[in-house]
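What follows is a set of notes on a single structure, which appears directly below.
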Amino acid sequence: MICKIVLYGFKFDSFTMNKPVKILGFAGSLRKSSYNKAILRAALELLPKDTALEIFDLEGIPPFNQDFEKQMPEKAQEFKTKIKAADAILIATPEHNYSIPGVLKNAIDWASRPYGDNAFDGKPVAVMSASTGMLGGARAQYHLRQTFVFLNMYPINKPEVIVTYAQDKIDRDGRLTDKNTRDFIKQLLENLVSWTIRLRKS
Ligand SMILES: Cc1cc2nc3c(=O)[nH]c(=O)nc-3n(C[C@H](O)[C@H](O)[C@H](O)COP(=O)(O)O)c2cc1C
């Protein structure tokens, strides 16, 4: 028997609440030694229980062309399918010229199309950024959050994981060594998971 309870004004059933949370993560960098890929890998080590994180590499997604949005190139379609299947999204983005990198925007554009079949619609999302500069990609995060409005995503606000001077916090093997940053990522993941569960209304 499924037991219904009311928590914080939302109705859940025990099955919905206990279902593991599947997160899809991707970085807005194709670089092999990317700091943003490194913080995503760190997230794998910091997951709350009953949570799975799959990391998707945007390498190979061709430039968006609306002529093909109904029959997408294979890699773009694969990305879109994985977004649809995920309960929540985790994005790690570099900042390029005070905004999000073209590769990230390009991938988002494919998965949001064609009009009426936006894979991101209604998904909870968390953002992290890492840059070699003193602002850690904060400006890119706010541009990305603007995109979430049209995508109809539900971002979590806190904590803001902004990794400044990433070269000092990630070692040569691509491991995030900074304890504070690891703690922030852990908290971000916990908040993303509880937010996702709150949004799972019966
Ligand atoms: C085209 C380009 C533009 C950049 N613009 C910015 C910027 O506006 N702000 C910033 O903090 N870093 C900027 N950087 C430096 C990036 O933070 C740095 O390359 C970082 O390592 C990129 O992330 P990744 O390691 O995940 O590839 C820029 C780098 C590139 C290649």
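Whatever order the structure lists them in is the order used to number ligands and atoms, beginning at 1.
A 4.5 Å side-chain heavy-atom check between Thr164 and Met134 finds every atom pair outside the cut-off. Two residues are said to be in side-chain contact when any heavy atoms from C-beta on lie closer than 4.5 Å; Ile83 and Phe56 fail this criterion. The shortest distance between side-chain heavy atoms of Lys179 and Asp183 falls below 4.5 Å. Under the 4.5 Å side-chain criterion, counting only non-hydrogen atoms from C-beta, Ile156 is in contact with Leu188.
If you check which protein heavy atom lies closest to atom 21 (O) of ligand 1, you get Tyr35 CD1, 3.4 Å. Atom 5 (N) of ligand 1 has as its closest protein heavy atom Asn97 N, 2.9 Å. Of the protein's non-hydrogen atoms, Thr132 OG1, 3.8 Å is the one closest to atom 16 (C) of ligand 1. The nearest protein atom to atom 2 (C) of ligand 1, hydrogens excluded, is given as His96 CD2, 3.6 Å; this is a heavy-atom distance. Residue, atom and distance of the protein heavy atom nearest to atom 17 (O) of ligand 1 are Ser131 CB, 3.1 Å.
Applying the 4.0 Å criterion to heavy atoms of Asn36 picks out, from ligand 1, the atoms 23 (O), 24 (P), 26 (O). Close approach of ligand 1 to Tyr98 is summarised as follows: ligand atoms under 4.0 Å from at least one heavy atom of the residue are 7 (C), 8 (O). Listed by atom number, the atoms of ligand 1 under 4.0 Å from Ser29 heavy atoms are 24 (P), 26 (O), 27 (O). Annotation for ligand 1: atoms under 4.0 Å from non-hydrogen atoms of Pro94 are 22 (C), 23 (O), 26 (O).
Of all heavy-atom pairs spanning Ala138 and Glu95, the tightest one is N-OE1, 3.6 Å. Minimum interatomic distance between Ala107 and Ile61 (heavy atoms only, all atoms of both residues): CB-CD1, 4.0 Å. The heavy-atom pair separating Lys37 from Leu30 by the smallest distance is NZ-O, 3.2 Å.
Of the listed options Gln167, Lys37, Lys32, Glu95, Glu95 places a heavy atom closest to atom 13 (C) of ligand 1.
Ligand 1 has no N or O atom lying under 3.5 Å from any N or O atom of Ser33, backbone or side chain.
Contacts of Ser34 with ligand 1, taken as heavy-atom pairs under 4.0 Å, involve both backbone and side chain. When non-hydrogen atoms are compared, ligand 1 lies under 4.0 Å from the side chain of Arg31 (C-beta onward) but not from its backbone.
Residue Leu135 places every heavy atom at 4.0 Å or more from ligand 1.
Placement of Leu58 and Phe64 within a single hydrophobic cluster is found when ILVMFWY residues are connected by side-chain heavy-atom separations under 4.5 Å, directly or transitively.
If you run side chain to side chain contact (heavy atoms under 4.5 Å, CB included) between Leu47 and each of Val21, Leu189, Ile185, Val193, only Leu189 comes through.
Proximity of atom 19 (O) of ligand 1 to the protein is not indicated, since no non-hydrogen protein atom lies closer than 4.0 angstrom.
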Between Phe120 and Phe148, is a ring-ring contact (aromatic ring centres under 6.0 Å, His included) present by the stated rule, with each step listed? CA-CA 9 Å; Phe120 296 102; Phe148 295 155; 8.1 Å; no
